[in-house]
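This report refers to the structure that appears directly beneath it.
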Amino acid sequence: MFKGRDLSGTCGIPRECDRVYVGVECPPKGLNDDVDVPKRLIWPDGRSWPIKSTARHVTHGRVVFGNLVERFDVFMGHTGELKTIWRQDGRWFVGKPSGGIARPKRR
């Protein structure tokens with residue numbers, strides 16, 4: 001099968017080095033459902049958060065080109081904070097957290 005251009009780093013899609021792969025629980029699709037509805041995000045260390053609802057679902061690329069990437073903007077946790085999760089080739093991921101410990105300046 002033809003493999004289309006890799007879309008990482010475009011359209012806001014995190015590059016491979018900037019991804020954290022996560023688990024996502026989705027209930028089984030109903031007869032009229034055409035897209036999965038994520039209900040829980042599970043971090044690699046086992047922590048998990050409920051997904052209250054999906055605000056937006058956007059696709060990038062095409063199935064026929066083998067480069068389909070799906071973006072889900074979801075309301076997460078008990079605070080209902082808006083977050084983005086991605087799915088490509090059946091694997092779910094988020095962008096690496098940008099926070100962290102600042103490195104001291106070189107003198």
Side-chain angles (χ1 to χ4, degrees):
M1 176 171 86
F2 171 74
K3 181 77 171 167
R5 184 172 73 91
D6 182 17
L7 298 178
S8 3
T10 65
C11 305
I13 302 167
R15 294 184 186 281
E16 188 67 36
C17 62
D18 295 325
R19 296 178 183 184
V20 176
Y21 286 93
V22 296
V24 173
E25 291 178 359
C26 298
K29 286 189 207 178
L31 294 175
N32 297 323
D33 296 336
D34 59 347
V35 70
D36 286 322
V37 179
K39 289 297 182 189
R40 178 167 290 280
L41 182 132
I42 305 160
W43 204 250
D45 65 6
R47 294 176 294 157
S48 69
W49 292 270
I51 296 172
K52 292 183 171 198
S53 64
T54 300
R56 181 171 63 164
H57 173 248
V58 179
T59 58
H60 302 281
R62 301 281 185 268
V63 173
V64 297
F65 294 145
N67 66 351
L68 180 68
V69 180
E70 295 175 275
R71 174 186 174 143
F72 293 80
D73 292 328
V74 297
F75 293 104
M76 299 255 331
H78 302 293
T79 60
E81 194 174 347
L82 187 64
K83 297 286 186 180
T84 299
I85 58 177
W86 303 86
R87 180 170 56 184
Q88 181 176 12
D89 297 328
R91 296 177 68 195
W92 294 87
F93 60 92
V94 298
K96 280 186 180 174
S98 60
I101 301 170
R103 293 183 182 181
K105 293 181 181 178
R106 292 181 104 181
R107 294 180 192 190

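Quick note: numbers below take in every heavy atom, side chains included, and nothing from hydrogens, waters or symmetry partners. On a predicted model such as this, the values are computed, not experimentally measured, just so you know.
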Practice task
State plainly whether one hydrophobic cluster holds both Leu7 and Val58, where clusters connect Ile, Leu, Val, Met, Phe, Trp and Tyr through side-chain heavy atoms under 4.5 angstrom apart.
Solution key: no
Exercise for the section: Taking all heavy atoms of Pro50 and all of Arg40, pick out the closest pair and write down the distance. Expected result: N-NH1, 3.7 Å
Fill in the blank from the handout: So CZ of Phe93 and CD1 of Ile85: to nearest 0.5 Å the spacing works out to 10.5 Å
Practice task
Give a yes or no on this: more than 12 heavy atoms of other residues, nucleotides or ligands lie within 6.0 Å of atom CZ of Arg15.
Solution key: no
Problem - Validation row: Lys96, Pro14 side chains within 4.5 angstrom (heavy atoms) - result: no
Problem - Evaluation steps, side chain to side chain contact (heavy atoms under 4.5 Å, CB included), between Ser8 and Arg19 - result: CA-CA 10 Å; Ser8 3; Arg19 296 178 183 184; 3.6 Å; yes
Practice task
Without swapping roles, check the side chain of Asp89 against the backbone of Arg91 for a donor-acceptor pair under 3.5 Å.
Solution key: no
Handout entry: With Arg87 via salt bridge (charged side-chain N to carboxylate O under 4.0 Å, His left out) - residues at least two apart
Key = Asp36, Glu70
Exercise for the section: Grab the two heavy atoms, one from Asn67 and one from Gly61, that are nearest each other, plus how far apart they are. Expected result: OD1-CA, 3.5 Å
Exercise for the section: Flag the pair Leu41 / Trp92 as yes when at least one side-chain heavy-atom distance between them is below 4.5 Å, and no otherwise. Expected result: no
Problem - Thr84 to Val94 - nearest heavy-atom pair and separation - result: O-CG1, 3.9 Å
Exercise for the section: Give every residue pair that meets the salt bridge (charged side-chain N to carboxylate O under 4.0 Å, His left out) criterion with at least one member in residues 52-65, sequence neighbours excluded. Expected result: Arg56-Asp73
Problem - Val22 side chain near Pro44 side chain, heavy-atom distance below 4.5 Å - result: yes
Problem - Joint hydrophobic cluster, Trp86 plus Phe72, side-chain heavy atoms closer than 4.5 Å - result: no
Practice task
Indicate, with yes or no, if Val20 and Met76 share a hydrophobic cluster defined by side-chain heavy-atom contacts under 4.5 Å among Ile, Leu, Val, Met, Phe, Trp and Tyr.
Solution key: yes
Handout entry: Cluster check Trp49, Val24: I/L/V/M/F/W/Y, side chain < 4.5 angstrom
Key = yes
Problem - Step-by-step side chain to side chain contact (heavy atoms under 4.5 Å, CB included) determination, His60 to Ile13 - result: CA-CA 9 Å; His60 302 281; Ile13 302 167; 4.2 Å; yes
